[in-house]
Every structure is written in C-alpha cells, then in structure tokens.
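First comes the structure, then the notes that go with it.
Heavy-atom basis, side chains included; hydrogens, waters and symmetry copies ignored. In what follows, chains carry the letters A, B, and so on, assigned in the order in which the sequence lines appear, proteins first and then strands, with residues in each chain numbered from 1.
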Amino acid sequence: MEHELNYRTDLWIDWCPGCGNFGILAAVTRAMKDLRLDPSKTVVVSGIGCSGKIPHYINVNGVHTLHGRAIPFATGIKIANPDLTILVHGGDGDLLGIGAGHFVALGRRNLDIVVMLHNNGVYGLTKGQASPTLPLNSKTKGLNLPNIQGSVNPIALALASGYTFVARGYAFDGNHLSELIKKAIQHRGAAFIDILQPCVTFNDIYTADFYRKAIYKLEGEEGWDPVVREPAETEEKILRAMRKAMEWGEKIPIGIFYENPAITTFEDRLSDILRGSYPKKSPSKSVIEKDGKSIFNAEIFEELFKDFIIEVKG
Amino acid sequence: MKEINIIIGGPQGSGIETSMSILSRAFTRKGYGIIASREYFSNIVGRHSYIVMRASSEKLPQSIDLPVQIIAASDAETVFTHFDEIRGGGALIYDINNEKKKLNEVPSMENITKQRIRRKLESKGLDQAVSSIIEYLRKEEGIKPIGIDFASILSELSKKFKLDPGHLSRYVSTILVSSISTVIGLEDDYLLFGITSHFKNRENILKHNLALYEMVSERLHSMKEILPLDTPKLKIEKMMVLTGNDAVAIGKIVGGARYQAYYPITPAADESTTLEKYGHGTEGNQDIGPIVILQTEDEISAISSTIGAALTGARSSTATSGPGFDLMVEALSWAGANEVPIVITYYQRGGPSTGQPTRGSQSDLMNAIFSSHGEFARIVISSGDHEEAILDAAEAFNLAEKFQVPVIHLLDKFLANTTASVKIPDIEKIRIERGSIFRNGGEYRRFDASNSISPRAFIGDDGIVIWYSGDEHDEIGHIVEDPENRIKMYEKRMKKLELIRKEVPLNEKLKVYGFEDPEFIIIGWGSTKGVAVEALESAAKEVGVRGAYVNLKMLWPFPSEELKEIVGKISEKKIIVAEHSYEANIARLMAMEAGLNVGGKIVKYTGRPFFLSEFYRALKSILFDNEEKVVLTLGA
C-alpha cells in the first residue's frame, strides 16, 4: 500500500480518561503501522469488557465476541484462513477466568495467533470485582472485603500451556510494548503478551505510580537470552522463564521471557495430517461447487465412499 | 420367510458391532434390505450390548421389530435378558458352556434388572439357570436350541493358527454370524464376503475368521437352513450400508463442509471420525476437501471456532448432543445476532442431565427451537432416515448461507447408531447455494439494512474491512444503542423468519406418506418416520384403514399453514402424534404455532427404539379403543 494507512477508526473512545487501554491501543496500532499490515488481512478478535471494545477503534477487521471466547473464535478464523494475521485482545477475567480453558488449549496447539492480556486485576465494566490476577488478600476500592481467592500467574500459565512466545509489557511504556507486539506478530506460533494495565477507576493498588517504580526490563539484565536456539536448551530456558515469572511486587520484569521458534505450529501439523493439501487449500480457499452443483459426480462419490457401497450379487 | 428378525447379544467390547457389520454386508451382498439398531451401555467393556436386525427379501425395511426369529447369544446375560423376545418356532444360538450359569452369577447385570428377570422366571416356574430357560423355550415355545461349544471351537482355531489364548474372545462374533448364516441358509459366498469386506487389509485376522466360518458351518451341518429366508426380490444393483452418523458425514462432505469442530460426546463423535477419514485427499482427478476437523477443549470452543471459520467463508459445522448443545447456546445467540451461517448437527440422547448417554430420545425439540437469550431467526430441520440425512446434511449449509442464520440439524441416537441399507442417493441433484455474496468492491457494510439478507463478504477479502459484534450494532458492525437503529436491525434479523417460511420449498418443510385420502394422520419428525410409515402399511393391510404420515422436516420456523392444509378435514380425534418423549412436544408446538389439537399420542421414553408391532398396536388402540396416550415400553 502506497498511501499512509490510518489504523484508527473515528469512533469516540469510551474508556475512562487515563485508562491503560489507551496505551495498549496506541502501541498495537503503531505496531500495525510499522509492519504495514494490510487491514483486510488482519483481524482483531476480542472478548467482553472494556478491552472487548478495542476492535471498534482499530481500522482492521474486527470481531467482538463473547466473554472468554475470543481465542476459540480466533482459532476458527485462523485455521480457516491461515493467511490472516490474528490479534486477540482479552481481559484478565476474559482470558484467565471464564476463558482459561481456551487459553491453555491455544498453547497446546501453538496456532500462529497473538494473544494480548489486558491485565488490570479487576472486572472494570461491572464495577471493580476481583479478577483472576488480583493477589490474595488485596482489597481494591471496588471490593467490600479483601480478595479471598488467589491469583493465577499469567506468564507461568502460558509457559506451562506451551505458548512459544511469552512476554510481558506495560501499557504506558508504548515504545517497548509496540516492539513486543511486533515481535509477537512476527513469531510463528502462539504468542502471549501479559500487558500490565492500570485501571484508574477501580484498582487503587496496581496504579501507574506503582508500576513506574516496580517494573524493570529483562533485556537490560546481563546475559538474559530468552530464545531457544536449539532443542536441547528448551527445558533450561523454560525453567529460567518460570523463575522470572515468579518475581512480583517490588520488582516486576517486563520484556520477552521465552521464545521458541522450533516447535511446529498447528498449521504445520494440519499440513502433515492433511498430506500437504493444507494450507494451500484452506477451508476458506478451496472449491466447493461448480455452477451451483456439488463438485461430486456419481463416479467420484462411489469411488470415495466405496467402503459403504455393496454391489449386489444375488 | 419373507423376512427375518435377529438379536445378537454379548458383552460390550466382544465384537457385537463387528457381527452387525459382517451380517449387514452379507445380507446386502445377496440383495436383502437390512436395518439394524444397536443398544449399549455407557461403558467400554463388559456391559450387555445387543443389536436388533431385520432383513427383508421384499423391501428396504424401515423399522425393527420384536419378537425375533433368531437370538444369537455369546453369553448367559443375553439369554436371560432376551429369552422372552423370541418367537415360537425360532432358534436360540448359544454357548453350551453357559448352560449351568445362574442369574446371580452374571455380575455385569444391574441388580434391578436381575430382580425383574427373577420375577419373570419365577412366574413361569423356571429355576434360575440358562439350561432351565432353554428347556422351557424348547418345550413350551417350540424354539430350536442350537448349542455350540465355543471353547472347543476356539481352542481348535487357536491350535491351528498358534493364536494367543488371551486373544480368542475377539473371534466370538464370527461364531455367532456363521451360525446365523447357516441356520437361515445363506450360501457360503455371502458370509465370506461379509467377513472379507469387514476385515479387509487385515490378512491374518481374515484368514482366521474364514477358517472359523468353515468350522462352525461344518459343526452345524444338521441345522443348515432350518429357518430358510426367501430369495431377495428387490431389484437394486448397488446399495450403501451405513450408520446415521456416516450418512451425515457423507452429506457434509458432498455439501462442501470445510471446517468441523467438535468435542467428543456420544452419540455424535462417530460423525467426526468418518469426516476425518473421508474428508481429504484425492479421488481420481478430484481433490477432496480438505475438511479441517478440530477436536476442541469443550463445546463452547467447538461452536465459537465454527463461527470464526464461517466468517472467512468456509462452510462450517459442529456436531454434538444435548449436554454439549446446552453449552453452545450463548454462542448460538452470537451467530443469530451476527447473521452467521453455521450448521449444528444435534443428536438427541436421553436427558435430563447426563441422562442415558447411549440411549435414544426426541425430547430436545423445544431446546433446539427456543434455547438462547434474545430473539433471532434460526432454522431447525430433521431427517427421517439415512437417505434424508445425507441430503439434509448438505442442504443445511444452503439454508444457513441463503438466509444467513444458524441451522440446527436435529437428529437422534436411534438414527445415529442404526445401520441400514439404502439406495445410493442421486448426488447430481445436490445443489450448492451460497446465497447473496458481495462482489462489487467499494464500500462494504456487512449489515446493510436495505434488505433482510445483506450480501456477505468474507474476512480476508481483498480491500475490505468488516466488523462483527455481539452488541447491537449499526450497518458497519460497530456498537450502537440508538433506539431507531435498534428497531432497524432487530426487524432486519427477525424478518428472516417470514422469508424462510416463504422461500423454503414445501418438500423441505414436510413430506407426506401413505394414502392421499386418509382417515387418520400420524404426525412426527426425525427417526419416527420409518416405524410410522410401516405401521400405516400394516393398518391398511390388516384392518383396512387408510392412514397418512406427515414427516415434519422443518421444525422451525414451523410450517403451520402447510400442515393445516394437509390435516384439513381430518377430525381432531384422528390426528395422532408420535415422539420419543414424555410430553410429545410436537403436539405443543402444533397447538402453539398452528392451533392444531391432537387426538392421540404415541410416546416412549425408555430410551429404546420404537418396535413396529408395539407401535402398530398403539395405533390401533388409539383408532379403535379411544385411547388418548399410549406409552410404549418394549425392549431390554
């Protein structure tokens, strides 16, 4: 495309002023611009909640789905048309609460999708209930009583599930975040970015001020190399990433935790079992009719289904 | 005999399905029409499993019946369970090593069943051993006991081929089918064909089974043709032998399915297995598919990914049964809101809850029609038999894409697990209609409200950007809560129901069988068709009353006007419904949608299929004895 692409729609954005989502929106559209993604070949798929509205603000294909189900919708889209670049945006309730099973399943498949977790620790749109990432005993201002459920560790869960690109970004470090998003898009396989995101209205613990003090960058650590360069390194790199994932509180790492380009993608696996016809012939790109008729004639039908056909020899 | 009914029983996992396959193939090879239903527990190994088969020399049978002429029992439990389902003059094939076995020595039988059978035996003055039942059947019912020493035959086989004694039980099914074949006088070639075509590509097993057949038929020389079956008179040169699950899979392949997602559940999963096997590759110069089959982490993911695939233009479907469908309904509503063409193949089984997972039911009619929050257009269709299932599975995609609505293809366990011989369907008749597709270029509005059906573009089309949202949206697909827009979009979606009523041809809404000037009418849907149509034939032949059967194919939107026209002048008392449920929900739907009342109901909720003779008796008691509701209970 020759002209400058505008990746933003002109809709008024109805997030609270100061919401971390603005930072994420800016970073993702910047990544799209830098990579010159074709809007008609790019799809943003979201769940429900504040983060769920993001597709409407981005000028690429947008599918605003159900609470927790962005990943399965995205899975169908990607498998059916593997040429597309798919970005899933979900909240912490979305991806790790109601949709946690799908989150795990995507890791197992290693389908080439980018998942971005808008991680703010609360259910904002329903007035601030505790989300699956809010630590035990926290009492954010929307809660009457302290949280009596523990939190899940998104990075550790992604690693355990089999994501082959696992990173964390911060909503208000736009440059860093958009670089992570670009790398995640360029990675072949299931990529996950945990995006720390202040909720200005309901989370008075994990504020912008808190994160500014706590976060540090992994790439600044001496000797930090998250990339698996040969299969033998896999276990070691996962264990190191797991150890880093356990850091929380006063020091919180952001950056790439783990990257393994050597694991087969789901598309590769499909290609194997479908004897190479996929992805060249994908579900969205194969002929199903000729002049309004099935591609089957009686001869092909009887040959394909010969196991079911019996010639009578009475 | 013009036709024969057979029960083959044994423990689950002992090759009962293999017996069904071999015998079905053998009968069909000679030109008989067959139908065979399979009953089994939710269990992998050990519980009682059996098939009821009917083979006819005159027609393609549409229903099964009890009592049978032959029972072939691989274990004592089969004898205990089915001894009163055999006709006088019939034959009981059994293992003589089980003769001494007593009822309380059958651990796999449920206690409640044991008690029931004990009472039955006591009432006939029998003690509780197999030998006592056999003696009773021989003396009182004139039934020929055919005792076979399974152990000695298997040990002979084992010696001959040096087989591992631990693996011998897998040959039991061949003893059973070989015996049946001998008793009815099926020539060697046919059973050998059945064995060969079932075990093809498994050379060794095939060799053993062929030898086994020789051994059994030699030992049963004196029993040869004691229950002879007439030579078939059907003039069909080629037949398909398949299950309902196979039929749907075949229909989907021909109909252009390209994506199917499913979560394993009985009795739907076999359909996806068949799709996996035949849905890709090449045949001659023709590429098949490929159809991507995705086993998902749950049914929510199955339907959600099916919707996702449909958005890219792929014909997409999922298959499930009641519990799985319940998980899908939120996403069904999303598909309704976003006008996405998907097909949900819904095989009913016994509910509520886990219910009877391997038994049949038609109690989910209302669930298929009314589940999901909010109002939106959907289509619910059903199929009466295997041939319909093939054609309907293909047509479901046309309906979905023409009207841009979710289509539920409502089937049941009975059809799914019934094997039948059918004529090869006329494939050239199958149309692929993709509905209105956007090809103009330029600005695209997915939900262009100038028409109820807006042209579809697909995600990934060059130069087009599309938005979808489960929220109420404008023509572009962005969230809008404005009341006027709400009215416009709401009406656009709901008006499809009228359009569907208007445009779907009559023969896809309902089909009528039987007499053109009937004195009574049976109304039903799905797998009820076969037994109802044959009961009409019996009524005409035996008591001289003319009946018709209305096979309701489109259940939603309900074809009220068409049904009213057919029912016409028939008095309310002579309108009968039949359904596998307690309530006969179809009667409620008829009352609600067409203002039609019914005079009689034939229902069954044991989870076992309708048998022809019990159905016919129920029909007569409604027609002649003023019964209003007959609850059927036949079958173990």
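- Heavy atoms closer than 4.5 Å to chain A are found in the side chain of B:Asp471, but not in its backbone.
- Chain A forms more heavy-atom pairs under 4.5 Å with one residue of B:Thr231, B:Thr282, B:Asn285, B:Asp461 than with any other, namely B:Asp461.
- Side-chain contact between B:Phe397 and A:Ile288 is absent, with no heavy atoms from C-beta onward closer than 4.5 Å.
- When all heavy atoms of B:Pro425 and A:Phe301 are compared, the pair lying nearest together is CG-CZ, 4.2 Å.
- In this structure, A:Thr42 OG1 and B:Ile459 CD1 are separated by 11.0 Å, a value rounded to the nearest 0.5 Å.
- Within a 6.0 Å sphere centred on CG of A:Asp10, heavy atoms belonging to other residues, nucleotides or ligands number 12 at most.
- Of the atoms belonging to A:Val44, not a single heavy atom falls under 4.5 Å from chain B.
- Put simply, CZ on A:Phe296 and CD1 on B:Ile427 are 8.5 Å apart, with the number rounded to the nearest 0.5 Å.
- The backbone N or O of A:Ile310 lies less than 3.5 Å from no partner atom in the side chain of B:Lys238, so there is not a single donor-acceptor pair.
- In this structure, chain B has a heavy atom under 4.5 Å from the backbone of A:Ile58, while its side chain stays farther away.
- A donor-acceptor pair is defined here as one N or O able to donate and one able to accept, closer than 3.5 Å; no such pair exists between the side chain of B:Arg315 and the backbone of A:Pro283.
- For a residue to count as touching a neighbouring chain, one of its non-hydrogen atoms must lie under 4.5 Å from one of that chain's; by this rule A:Glu302 touches chain B with the side chain only.
- Residue pairs meeting the ring-ring contact (aromatic ring centres under 6.0 Å, His included) criterion with at least one member in residues 230-259 of chain B: none, sequence neighbours excluded.
- Contacts of B:Glu237 with chain A are made by backbone atoms alone, with heavy-atom separations under 4.5 Å and no side-chain atom involved.
- Neither the backbone nor the side chain of B:Gln260 comes within contact range of chain A; no heavy atoms are under 4.5 Å apart.
- Listed options B:Ile303, B:Ile476, B:Ile307 were ranked by heavy-atom pairs under 4.5 angstrom with chain A; first place goes to B:Ile307.
- Proximity to chain B (any heavy atom under 4.5 Å) is shown, for A:Ile71, by neither the backbone nor the side chain.
- Note on B:Lys200 versus A:Asp307: salt bridge recorded, some NZ/NE/NH1/NH2 to OD/OE distance being below 4.0 Å.
- Residue contact with chain B, scored on non-hydrogen atoms closer than 4.5 Å, involves the side chain of A:Leu270 exclusively.
- Considering only residues two or more places apart in sequence or on other chains, A:Phe266 meets the ring-ring contact (aromatic ring centres under 6.0 Å, His included) condition with none of them.
- Chosen from B:Ser304, B:Ala314, B:Ala310, B:Gly470, the residue pairing most often with chain A at heavy-atom distances under 4.5 Å is B:Ser304.
- Atom NE2 in B:His473 sits 9.5 Å away from atom NE2 in A:His56 (nearest 0.5 Å).
- Interface check for chain B: of the options A:Ser284, A:Gly99, A:Ser277, A:Gly292, the most heavy-atom pairs under 4.5 Å are formed by A:Gly292.
- Here CD of B:Glu283 is found 5.0 Å from CG of A:Leu304. Values are rounded to the nearest 0.5 Å.
- Here the NZ atom belonging to A:Lys53 is positioned 13.5 Å from the NE2 atom belonging to B:His478, to the nearest 0.5 angstrom.
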field: side-chain contact (heavy atoms from CB on, under 4.5 Å) between A:Leu11 and B:Ile479, intermediate numbers included
entry: CA-CA 10 Å; A:Leu11 296 179; B:Ile479 305 172; over 6 Å; no
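- The nearest pair of heavy atoms linking A:Ile273 to B:His280 is O-CE1, 3.6 Å.
- Checked for salt-bridge contact, A:Arg108 and B:Glu297 miss the test: no charged N lies under 4.0 Å from a carboxylate O.
- Using a 4.5 Å cut-off on side-chain heavy atoms (C-beta onward), B:Leu242 and A:Phe305 make no contact.
- Looking at A:Val63, the atoms closer than 4.5 Å to chain B (heavy atoms on both sides) sit in the backbone and in the side chain alike.
- Side chain of A:Glu289 to main chain of B:Glu433: no donor-acceptor pair is present (N/O by atom type, distance under 3.5 Å, no hydrogens or angles).
- Only the side chain of B:Thr274 comes within less than 4.5 Å of a heavy atom in chain A; its backbone stays farther off.
- In this structure, chain B has no heavy atom under 4.5 Å from any part of A:Lys285.
- Chosen from A:Thr65, A:Val104, A:Val43, the residue pairing most often with chain B at heavy-atom distances under 4.5 Å is A:Thr65.
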query: Can you list the steps and then say if A:Lys313 with B:Asp189 is a side-chain contact (heavy atoms from CB on, under 4.5 Å)?
result: CA-CA 10 Å; A:Lys313 292 263 162 81; B:Asp189 286 357; over 6 Å; no
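- For chain B, the nearby parts of A:Asn59 are the backbone and the side chain; heavy atoms of each come within less than 4.5 Å.
- With a 4.5 angstrom heavy-atom cutoff, A:Asp83 does not touch chain B via any of its atoms.
- You'll find the side chain of B:Arg431 reaches within 4.5 Å of the side chain of A:Lys293, heavy atoms only.
- With a 4.5 Å cut-off on non-hydrogen atoms, B:Ile424 touches chain A through its side chain but not through its backbone.
- Interface residue A:Thr9: only side-chain heavy atoms are found under 4.5 Å from chain B.
- Among residues two or more places apart in sequence or in another chain, the side chain to side chain donor-acceptor pair (under 3.5 Å) test is passed with B:Asp287 by A:Lys281.
- Residues of residues 73-81 of chain A that come within less than 4.5 angstrom of chain B, heavy atom to heavy atom, are A:Phe73, A:Thr75, A:Gly76, A:Ile77, A:Ile79, A:Ala80, A:Asn81 in numerical order.
- Inter-residue side-chain proximity for B:Thr296 and A:His102 is flagged as unmet; no heavy-atom pair is nearer than 4.5 Å.
- Neither the backbone nor the side chain of B:Ala302 comes within contact range of chain A; no heavy atoms are under 4.5 Å apart.
- Considering only heavy atoms from C-beta on, A:Lys41 comes within 4.5 Å of B:Asp462 through its side chain.
- Highest contact tally toward chain A, considering only B:Leu311, B:Ile300, B:Ile236, B:Thr306, is held by B:Ile300 [criterion: heavy-atom pairs under 4.5 Å].
- A side-chain donor-acceptor contact under 3.5 Å links B:Arg29 to the backbone of A:Glu311.
- For the set B:Tyr468, B:Tyr278, B:Trp467, the entry with the most heavy-atom pairs within less than 4.5 Å of chain A is B:Trp467.
- The contact between A:Leu274 and chain B is made by backbone and side chain atoms together, counting heavy-atom distances below 4.5 Å.
- Between chain A and the residues B:Tyr190, B:Tyr32, B:Phe458, the most heavy-atom pairs under 4.5 angstrom are made by B:Tyr190.
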